[in-house]
**Student:** 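Okay, handing you the structure first.
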Amino acid sequence: MSLKVLSVVSEAYPLVKTGGLGDVAGALPSALAPHGVEVTTFLPGYPSVMKALRDAVVLHSYDSLFGEKAQILSGWAGKLKLIVLDLPGFYDRPGGPYCDASGKDWDDNWRRFGAFSRAAADVAQGKFNMPSFDVLHAHDWQAAMAPAYLHYDGAHVPSIMTVHNIAFAGWFPNDIFVWLGLPWHAYSMHGVEYYGGVGFLKAGLFCADAITTVSPTYAEEIGDAHFGMGLEGLVRARRDRVYGIVNGIDTEVWNPAEDPHLLAQYERLTLNRRLQNRLQVEKAFDLDGGTGPIFCVVSRLTTQKGMDVLAGMAENIVTMGGRLALIGTGEHYIENAFMDAAKRFKGRIGVKIGYDEELSHLLQGGSDAILVPSRFEPCGLTQLYGLRYGCVPIAAHTGGLADTIIDANEAALSAGVATGFLFDEVNHDTLSRVLSHAIYRYQDRPTWKALQEQGMRMDFSWRRSGQRYAELYRRFAKKNAPELAEEPAPEEPLQEAVSG
Ligand SMILES: Nc1ncnc2c1ncn2[C@@H]1O[C@H](COP(=O)(O)OP(=O)(O)O[C@H]2O[C@H](CO)[C@@H](O)[C@H](O)[C@H]2O)[C@@H](O)[C@H]1O
């Protein structure tokens with residue numbers, strides 16, 4: 001019997017994407033279908049979503065949802081089965097999904113995503129003449145009040161809360177509490193209260209039946225004060241319900257053999273064709289030709305991603321004989337530092353400030369290595385794309401980066417298992433050392449090729465992780481409907497909750 005899951009999320013590729021959350025939410029439905037799980041994605045009605053929605057049916061009209069008229073629509077967009085909260089006052093705005101055009105968070109984000117979560121909880125319970133869902137799966141703080149609404153409604157729908165990044169807490173001042181429509185007792189440490197205000201993610205972590213995060217190492221890390229952002233105590237208290245399931249990648253969208261964004265498509269056995277893409281990268285980023293490696297970056301330009309440190313490394317990269325091609329947006333001082341580096345080292349450092357899906361594919365398909373010096377990284381997708389594209393990852397040993405890259409130390413190299421370079425502390429010295437190590441290996445062509453090929457052999461498709469989510473859904477759904485527990489024979493047991 002197929003299990004019906006409502007995936008509640010504020011972005012989903014290809015309709016709306018600001019980062020990895022969109023990739024994962026867009027890929028989950030296809031990843032879960034082979035495991036007997038039917039995923040419906042619940043999205044805010046941003047203009048791009050409304051435009052793509054086909055065969056829309058009105059499921060419900062609210063006279064007032066957080067003070068606004070709103071509708072719930074169901075329909076399709078490409079392969080995605082959707083339910084959409086159509087509330088133009090909240091979502092039909094210029095700018096991004098969370099910020100205005102200048103990059104400032106919308107002041108009313110608590111209303112925008114409070115309403116979104118309230119409506120998702122209504123839909124999951126089957127309030128509008130439609131069957132209820134077997135599981136509600138909430139992603140990040142924007143959806144995190146949905147498990148809280150289910151909890152305080154006394155609903156019989158289990159919920160799973162996935163943390164893609166615990167640093168984004170959805171913290172708001174306590175005077176918003178009265179507008180949330182929750183019982184008074186919900187405003188407590190054992191509820192939605194968080195450091196004297198309301199914490200959306202905290203509420204979700206507290207109220208959900210299970211918590212997942214996007215790699216086993218990050219699942220351990222968020223129980224520690226260094227990574228937990230003040231939520232580590234709650235994570236530790238619930239450790240028997242915390243699961244680490246590493247993200248997969250969409251192997252149709254990210255397939256070097258068929259990627260329409262590449263000048264030359266290639267596979268593991270035709271790696272030499274990458275050269276044409278490399279020339280294209282040089283052209284697109286105004287880089288001079290050369291024999292040293294082209295390092296690339298596709299990233300938000302933030303301190304999480306270690307981009308402040310990397311921005312100070314331009315001279316080292318150039319003197320070591322490397323070149324850098326970067327695309328990203330983020331904190332203005334980091335953007336400025338990279339633009340300044342591009343001016344100082346013309347032809348060696350090429351920088352594009354902005355967001356460009358197509359160029360991100362070209363960089364993976366034409367650069368020699370991708371730099372991911374993150375201070376923390378719940379999973380990370382760009383290193384996975386790099387591995388699949390023969391763009392060797394050079395990354396910090398943290399979170400999902402540590403779980404998905406095998407460091408090119410002597411032992412791993414001679415065993416033929418190495419796939420990239422890992423380093424510990426994110427600072428100028430360690431980065432300098434790892435870059436010089438990578439350049440040294442790059443000059444030894446057979447070794448570099450072996451690294452590329454080994455990365456390309458790895459399977460980071462959704463096959464295994466899709467199965468793990470399916471098992472988790474069934475484990476919690478069966479509390480309410482035992483017949484749903486019948487599952488196909490698992491290939492591997494669900495990874496146990498974090499223990500210790
Ligand atoms: N300027 C640009 N132009 C084009 N494309 C760009 C871009 N900047 C970034 N991207 C793309 O955005 C995505 C970024 O995904 P990541 O997983 O690396 O990080 P993010 O921090 O957004 O995600 C969070 O959620 C994901 C999903 O769980 C976790 O993997 C991650 O660790 C966590 O921080 C990739 O698809 C990348 O190619």
Side-chain angles (χ1 to χ4, degrees), residues 7 9-14 16-28 31 96-98 103 137-143 161-168 201 212-219 221-222 227 229 244-250 253-254 259 261 284-285 296-307 325-331 334-335 338 351-365 367 370-389 391 393 395-396 398-405 460 462 465 469:
S7 172
V9 64
S10 56
E11 51 185 272
Y13 180 85
V16 47
K17 165 177 167 181
T18 68
L21 174 63
D23 285 344
V24 171
L28 269 183
Y98 320 120
H137 185 175
H139 301 267
D140 272 355
W141 74 265
Q142 296 90 341
M161 179 76 239
T162 292
V163 180
H164 295 264
N165 191 340
I166 208 164
F168 299 122
L201 184 59
T212 75
T213 187
V214 288
S215 69
T217 294
Y218 194 60
E221 286 173 345
I222 57 174
F227 295 97
M229 310 284 165
I245 303 177
V246 74
N247 286 332
I249 61 174
D250 188 325
V253 177
W254 292 94
D259 192 329
H261 305 307
F285 286 82
C296 77
V297 169
V298 180
S299 182
R300 288 187 284 117
L301 302 180
T302 61
T303 48
Q304 174 201 336
K305 302 289 184 183
M307 288 296 143
L326 172 145
I327 178 150
T329 54
E331 292 171 37
I334 303 180
E335 292 180 353
F338 278 116
V351 169
K352 289 196 189 291
I353 301 301
Y355 190 95
D356 188 326
E357 196 73 25
E358 197 170 328
L359 271 184
S360 75
H361 284 246
L362 175 65
L363 283 174
Q364 298 279 11
S367 315
I370 180 155
L371 305 181
V372 197
S374 306
R375 288 190 169 86
F376 66 92
E377 195 58 77
C379 175
L381 294 172
T382 57
Q383 86 282 10
L384 301 183
Y385 301 146
L387 288 165
R388 186 155 164 82
Y389 277 61
C391 185
T398 185
L401 301 170
D403 290 337
T404 55
I405 298 167
F460 288 109
W462 273 101
S465 300
Y469 275 115

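Start at 1 and go down the list; that is how both ligands and their atoms are numbered.
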**Student:** Give a yes/no verdict on whether any heavy atom in Tyr385 is under 4.0 Å from an atom of ligand 1.
**Tutor:** yes
**Student:** For atom 30 (O) of ligand 1, which candidate among Gly20, Gly380, Gly386 provides the closest heavy atom?
**Tutor:** Gly380
**Student:** Less than 4.0 Å is my threshold; does some heavy atom of Gln304 fall inside it relative to ligand 1?
**Tutor:** yes
**Student:** For the residue pair Trp462 and Tyr469, does the interplanar ring angle fall in the parallel (under 30°), tilted (30 to 60°) or perpendicular (over 60°) class?
**Tutor:** tilted
**Student:** Any idea which protein heavy atom is nearest atom 2 (C) of ligand 1, and the distance to it?
**Tutor:** Tyr355 CD1, 3.4 Å
**Student:** Check Leu359 against ligand 1 and report side chain, backbone, both or neither, counting heavy atoms closer than 4.0 Å.
**Tutor:** neither
**Student:** If only side-chain N and O atoms count, and only distance matters, is there a donor-acceptor pair under 3.5 Å linking Ser10 with His139?
**Tutor:** no
**Student:** Give the residue, atom name and distance (to 0.1 Å) of the protein heavy atom nearest atom 3 (N) of ligand 1.
**Tutor:** Asp356 N, 3.0 Å
**Student:** Among all protein non-hydrogen atoms, which one is nearest to atom 21 (O) of ligand 1, and what is the separation to 0.1 Å?
**Tutor:** Arg300 NH2, 2.6 Å
**Student:** Would Lys17 count as a contact of ligand 1 if the rule is a heavy atom under 4.0 Å away?
**Tutor:** yes
**Student:** To the closest 0.5 Å, what do you measure between CD (Gln364) and NE2 (His261)?
**Tutor:** 12.5 Å
**Student:** Between the side chains of Thr404 and Gln383, is a donor N or O closer than 3.5 angstrom to an acceptor N or O?
**Tutor:** yes
**Student:** Answer with yes or no whether the side chains of His361 and Asp259 bring together a donor and an acceptor at under 3.5 Å.
**Tutor:** yes
**Student:** Would Gly354 count as a polar contact of ligand 1, with the cut-off being nitrogen or oxygen pairs under 3.5 Å?
**Tutor:** yes
**Student:** Does some non-hydrogen atom of Gln364 fall short of 4.0 Å from ligand 1?
**Tutor:** no
**Student:** Of the protein's non-hydrogen atoms, which lies at the shortest distance from atom 17 (O) of ligand 1, and what is that distance?
**Tutor:** Leu381 N, 3.1 Å
